[in-house]
Number of protein chains: 2
Amino acid sequence: MTSHPDLTKNQTLVLKTLDKAEAPLSAYTILDRLRDDGFRAPLQVYRALGKLQEFGLVHRLESINAFVACCQPHGHRHEMTAFAICRTCGKVDEFSDTAVEERLGEWVRAHRFKPAKTTIEISGDCADCTAHDPG
Amino acid sequence: MTSHPDLTKNQTLVLKTLDKAEAPLSAYTILDRLRDDGFRAPLQVYRALGKLQEFGLVHRLESINAFVACCQPHGHRHEMTAFAICRTCGKVDEFSDTAVEERLGEWVRAHRFKPAKTTIEISGDCADCTAHDPG
DNA sequence: AATCGGAATGTAATACCATAACATTTCCAA
DNA sequence: TTGGAAATGTTATGGTATTACATTCCGATT
Ligand SMILES: [Zn+2]
Ligand SMILES: [Zn+2]
Ligand SMILES: [Zn+2]
Ligand SMILES: [Zn+2]
């Protein structure tokens, strides 16, 4: 469930589009799916996506230039969320791992590095797709 | 040191450009720096970068659409290399952590996920830049 | 030496991703 | 009521990456 009290009209439309989608969507794909709702320009999508990311309701997948709705309960921590992305069907699993978080935290402390955003994305093939096509 | 026996002319030029650079470079920046060497089109750069990535001599930083020369000895493992990227000066630290690798490995095993490429990038500010600008 | 074929290269065109700049509207608090 | 911040609409532009096709390079084979 990904509702939010203070979403604007455009933000709501974009979030609903991502919720309905079975796979990550590019900003331009979202734009196309919202033409009938009055969307005309990429910036309408990017602005909504920006706010939704601030709220923690949407994540950007850096390795594929696409966006997904957060599947976790609203308000969950996002400091070090990891994503497993299926190249075949597009399914995305979002997960966190305390040990990974701690190890990377140790590295940045040891190197006096001040982290702002951490990206962890595993691209590959999910169990279903591997089963269907045992390549 | 990042020499390689079988590099072609274009691959050598691109790798040298990345070696000389103090920060990650975009493909188009590389193109500009190689105009005098006869480079004319983006594809010349992308093709060389593709091969260099295959050889493990160059890495793509997904979160900033840029490329760096590998700083590790040639032939080192790259299954789960992590990068700390300074937003201010561009310095990149490449490192590996066995524990991180194991934890992510456990997740993929548990979920029968078949990983192809893992991206770990920490964006932030390095020690030097934090010291200079204690913000 | 001639020839064959795969790899690399050259070039133009196109597709895809993201933001700048500016005008207008909405909405809420003072 | 009104002032101002936030959101929206619109156009133009800039940055990133690939498709498609022609050509050249180079080593293996004959
Ligand atoms: Zn999330
Ligand atoms: Zn799949
Ligand atoms: Zn490396
Ligand atoms: Zn720095």
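Quick note: numbers below take in every heavy atom, side chains included, and nothing from hydrogens, waters or symmetry partners. So that the names make sense, note that chain A is the first sequence line, chain B the second, and so on, each numbered from 1.
- A:Arg87 CZ: more than 12 foreign heavy atoms inside a 6.0 Å radius.
- Checked options B:Leu13, B:Leu49, B:Leu57; the residue passing with B:Leu18 is B:Leu49 (criterion: side chain to side chain contact (heavy atoms under 4.5 Å, CB included)).
- Annotation: of the two residues near DNA chain C, B:Arg40 and A:Ile64, the 5′-most nearest-nucleotide partner is B:Arg40.
- Between the CZ atom of B:Phe55 and the C1' atom of C:dA7 there is a distance of 11 Å, given to the nearest Å.
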Checklist line | Where protein sits on nucleotides 22-30 of chain C, one letter per nucleotide: B base, S sugar-phosphate only, - none, heavy atoms under 4.0 Å | finding: ---------
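- Distance B:Leu15 CG to C:dA8 P: 15 Å, rounded to the nearest Å.
- Relative to the axis of its first five pairs, the axis of the last five pairs of the helix from C:dA1-D:dT30 to C:dA30-D:dT1 sits at 30°, rounded to 10 degrees.
- Judged purely by distance below 3.5 Å, without hydrogens or angles, the side chains of B:Ser63 and B:Glu121 pair a donor atom with an acceptor atom.
- Proximity of residues 27-34 of chain B to DNA chain C (heavy atom under 4.0 angstrom from any strand atom) is not detected for any residue.
- For the pair B:Ala41 and A:Ala66, both in contact range of DNA chain C, the more 5′-proximal nearest nucleotide belongs to B:Ala41.
- For the side chain to side chain donor-acceptor pair (under 3.5 Å) condition, no pair includes a residue of residues 46-55 of chain A, sequence neighbours left out.
- In terms of phosphate contacts, A:Ser26 brings a side-chain nitrogen or oxygen within less than 4.0 Å of OP1 or OP2 of C:dC17.
- Straight-line distance from the CD atom of B:Gln11 to the C1' atom of C:dT9: 11 Å, rounded to whole Å.
- A:Arg33 places no side-chain N or O within donor-acceptor distance of the main-chain N or O of A:Thr17, the cut-off being under 3.5 Å.
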Check: How far apart are the C-alpha atoms of B:Leu34 and B:Val14, what are their side-chain angles, what is the distance that settles it, and do they pass the side chain to side chain contact (heavy atoms under 4.5 Å, CB included) test?
Finding: CA-CA 8 Å; B:Leu34 289 175; B:Val14 168; 3.9 Å; yes
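- Residue B:Asn10 contributes atom CG, which lies 13 Å from atom C1' of C:dT11 at whole-angstrom precision.
- Rounded to whole Å, the distance from CD on B:Gln44 to P on C:dA13 is 16 Å.
- At distances below 3.5 Å, not a single donor-acceptor pair connects side-chain atoms of A:Thr29 with backbone N or O atoms of A:Leu25.
- Counted by atom type alone, A:Thr130 and A:Asp125 present zero donor-acceptor pairs between their side chains at under 3.5 Å.
- Considering every non-hydrogen atom in both A:Cys70 and A:Gly56, the closest pair reads CB-O, 3.5 Å.
- Where DNA chain D meets chain B (any atom under 4.0 Å from a heavy atom), the bounding nucleotides read 5' to 3' are D:dT16 to D:dA20.
- Residues A:Ile120 and B:Thr119 are not in side-chain contact: their nearest non-hydrogen atoms beyond the backbone lie 4.5 Å or more apart.
- Enclosure of atom NZ in A:Lys16 is not indicated, since only 12 or fewer non-hydrogen atoms of other residues, nucleotides or ligands lie within 6.0 angstrom.
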Tell me which donor-acceptor pairs under 3.5 Å the side chains of residues 91-102 of chain A have, and how far apart each pair is, sequence neighbours excluded?
residue  : atom : partner  : partner atom : Å
A:Glu94  : OE1  : A:Cys71  : N            : 3.4
A:Glu94  : OE2  : A:His59  : NE2          : 3.0
A:Glu94  : OE2  : A:His76  : NE2          : 3.3
A:Glu94  : OE2  : A:His78  : NE2          : 3.3
A:Asp97  : OD1  : A:Ala99  : N            : 2.8
A:Asp97  : OD1  : A:Val100 : N            : 3.0
A:Asp97  : OD1  : B:Arg103 : NE           : 3.1
A:Asp97  : OD2  : B:Arg103 : NE           : 3.1
A:Asp97  : OD2  : B:Arg103 : NH2          : 3.0
A:Glu101 : OE2  : A:Arg77  : NH2          : 2.7

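- Annotation for A:Phe113 and B:Ile85: closest pair CZ-O, 3.4 Å, computed over non-hydrogen atoms.
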